[in-house]
Amino acid sequence: MEKVKNILKPKPNPQQLLRDWQRRLRQECRNIERQIRDIQREEKVVQKSIKEAAKRNDMGSAKSLAKELVRSKRTVNRLYENKAQLNSISMHLGESVAIARTVGHLSKSSEVMKLVNNLMKAPEVAITMQEFNKEMTKAGVIEEIVNDAVDSALDSEDIEDEIEEEVDRVLTELAGETAAQLPEAVRKEKLKQPAQAVGDAEDADDDEDLEELRARLAKVRS
């Protein structure tokens, strides 16, 4: 019965497809904007904790939180790039309408195919773009893209040195005079040290708070 309904159901025309895709692209952009706001809100809390850790000379905790902050800023930058590419897809689809009015169907677009392929690697929008891939392939806008790769460069070891440099810069900026007053060699040595083991209840509570902050920041990035 379902197959019969699908056969009898009229196929959407190019303009209808376009409006539906653009509506969903706008919704995806709003979701990205909301995620960016959530991350940046948590970042402010983490920044305050980094300053507090640096003031009590707990550079191990400060470094750990600063790494999370660096990763979050990278995530935000990637989200802005995703949003720009979604808007670009919408723009290219709009340009296809004039052609569709003439030929009666949406024509293939290498630019849209390239953008969809790129976004299928972005964890935040991968599932949505896989759906677009199927629908646009069926409509003849792009050729089928087979790409299950997820961009995991954020966690790869080859950027560890770059993260260390950014962590040092972030710590110096956020800790202000507390970190700046330390000799560079001493500061870098402290950065290499893990968080100090603590035995009293107050320090244990601090560790729990730091873990909670890291967890919250990781959650809003996912």
Side-chain angles (χ1 to χ4, degrees), residues 28-87 115 117-130 147-176 178-180 182 184 187-198 205-222:
E28 200 64 37
C29 285
R30 286 193 290 270
N31 292 340
I32 288 176
E33 291 170 354
R34 182 168 57 251
Q35 188 174 357
I36 290 173
R37 289 194 299 270
D38 291 343
I39 294 174
Q40 291 176 334
R41 183 167 54 249
E42 291 298 330
E43 282 180 351
K44 292 180 180 179
V45 179
V46 174
Q47 287 173 348
K48 181 179 178 181
S49 297
I50 292 174
K51 290 182 180 179
E52 293 172 351
K55 287 178 181 178
R56 63 175 183 267
N57 205 26
D58 183 2
M59 301 305 288
S61 296
K63 177 186 176 183
S64 180
L65 286 173
K67 277 192 174 182
E68 294 300 322
L69 188 62
V70 168
R71 290 192 172 96
S72 292
K73 289 182 181 298
R74 288 173 176 269
T75 298
V76 168
N77 288 338
R78 188 172 68 245
L79 287 170
Y80 276 122
E81 292 175 0
N82 292 346
K83 180 184 174 183
Q85 292 184 73
L86 290 171
N87 285 329
L115 290 166
N117 187 32
N118 288 340
L119 288 169
M120 284 175 64
K121 301 175 186 177
E124 297 83 4
V125 294
I127 295 177
T128 299
M129 298 319 296
Q130 288 170 7
N147 192 338
D148 296 327
V150 175
D151 187 4
S152 59
L154 192 64
D155 299 319
S156 62
E157 294 181 0
D158 61 344
I159 64 168
E160 187 63 28
D161 290 341
E162 184 179 350
I163 288 180
E164 289 292 336
E165 292 175 2
E166 293 195 36
V167 166
D168 189 46
R169 177 180 58 78
V170 169
L171 281 176
T172 302
E173 177 184 345
L174 294 179
T178 302
L182 293 172
E184 182 178 358
R187 186 172 70 250
K188 288 186 177 295
E189 182 63 29
K190 286 182 176 291
L191 286 174
K192 295 178 182 178
Q193 298 175 0
Q196 297 176 354
V198 290
D205 289 340
D206 287 342
D207 287 345
E208 291 178 3
D209 291 341
L210 293 176
E211 286 298 327
E212 182 181 354
L213 280 174
R214 282 195 289 266
R216 283 166 52 185
L217 201 53
K219 183 178 180 180
V220 295
R221 289 203 309 264
S222 62

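Residue numbers start at 1 and run along the sequence shown.
Between the CD atom of Glu43 and the CD1 atom of Ile36 there is a distance of 10.5 Å, given to the nearest 0.5 Å. The NZ atom of Lys55 sits 7.5 Å away from atom CD of Glu52, with the distance rounded to the nearest 0.5 Å. The OG atom of Ser72 sits 11.5 Å away from atom CG of Asp38, with the distance rounded to the nearest 0.5 Å. Separating the OG1 atom in Thr75 from the CD atom in Glu68 is a distance of 9.5 Å, to the nearest 0.5 Å. The structure places CG of Leu115 at 11.0 Å from CG of Asn82, a figure rounded to the nearest 0.5 Å. Note that CD of Glu28 and CG of Leu86 are 6.5 Å apart. Values are rounded to the nearest 0.5 Å.
Looking at heavy atoms from C-beta onward, Met129 lies out of side-chain contact with Asn118 at the 4.5 angstrom threshold. Counting heavy atoms from C-beta on, the side chains of Lys51 and Gln47 never come closer than 4.5 Å. Side-chain atoms of Glu124 and Ile32, non-hydrogen and from C-beta on, never get closer than 4.5 Å to each other.
Between Leu65 and Val46, the closest heavy-atom pair is O-CG1, 3.8 Å.
In summary, the side chains of Arg34 and Asn31 do present a donor paired with an acceptor at a separation below 3.5 Å, with no hydrogens or angles considered.
Here the side chain of Ser64 pairs no donor or acceptor atom with the backbone of Gly60 at under 3.5 angstrom.
The side-chain hydrogen bond (donor to acceptor under 3.5 Å, both in side chains) test applied to Arg37 returns no partner, not counting sequence neighbours. Partners of Glu81 under the side-chain hydrogen bond (donor to acceptor under 3.5 Å, both in side chains) rule, at least two apart in sequence or in another chain, do not exist in this structure.
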